[in-house]
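Worksheet for the structure shown next.
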Amino acid sequence: MKTRKVSKAGGSSFDGWLNEQDDAFKAEVIAGAMKRQFVMTLRAMMKAQGIGVNALQKMLGTGPSQVQRLLDPEDIGISLKSIAKLLAVLGMAGHIAVEPKPSKKRVA
């Protein structure tokens, strides 16, 4: 009878895997997730207010490439100043929160 080899990754979480990576990679993943969430929220708010990309471009007084960078969920290189200006012209508020991750203590 053959014994099955159990994969070390089986049952592990994404957070567990991410914690095994180097800090630069973790920062990229975290920044990407934050930008995707920001863009999804921003697009929903723009839709609710009836603001399209062309209107946003005029409101910001910038070119289409800058607006595309702001709305691109993969572009994590935008500045806080750009985000603040975007929120200001849309009449929105924003904040940055820093929180400890909840620990996943297992109780036996």
Handout entry: Atom pair CG (Leu80) and CG (Leu87), whose distance is rounded to the nearest 0.5 Å
Key = 10.5 Å

Exercise for the section: Please answer whether the main-chain N or O of Val39 pairs with a side-chain N or O of Arg43 as donor and acceptor at a distance below 3.5 Å. Expected result: no

Exercise for the section: Find the distance between CD (Glu28) and CD1 (Ile30) and round it off to the nearest 0.5 Å. Expected result: 10.5 Å

Problem - Heavy-atom donor-acceptor pair, Lys35 side chain to Asp72 backbone, under 3.5 Å - result: yes

Handout entry: Pairwise side-chain contact, Leu86 with Leu60, heavy-atom cut-off 4.5 Å (strictly under)
Key = yes

Exercise for the section: Output the distance between atom CG (Leu42) and atom CG (Leu56), rounded to the nearest 0.5 Å. Expected result: 7.0 Å

Practice task
Working to the nearest 0.5 Å, report the span between CG of Leu90 and CE of Met46.
Solution key: 7.0 Å

Exercise for the section: For the residue pair Met45 and Ile51, establish whether any side-chain heavy-atom pair is separated by less than 4.5 Å. Expected result: no

Problem - Whether Ser82 side chain and Ile78 backbone form a donor-acceptor pair below 3.5 Å - result: no

Problem - Results of salt bridge (charged side-chain N to carboxylate O under 4.0 Å, His left out) for Asp22 - residues two or more places apart only - result: none

Exercise for the section: Quick one: pull up CG in Asn54 and NZ in Lys58 and give me the separation to the nearest 0.5 Å. Expected result: 6.5 Å

Problem - Straight-line distance of Leu71 CG to Phe38 CZ, nearest 0.5 Å - result: 8.5 Å

Practice task
For the residue pair Thr62 and Leu70, establish whether any side-chain heavy-atom pair is separated by less than 4.5 Å.
Solution key: no

Handout entry: For Lys26, salt bridge (charged side-chain N to carboxylate O under 4.0 Å, His left out) partners two or more places apart
Key = Asp23

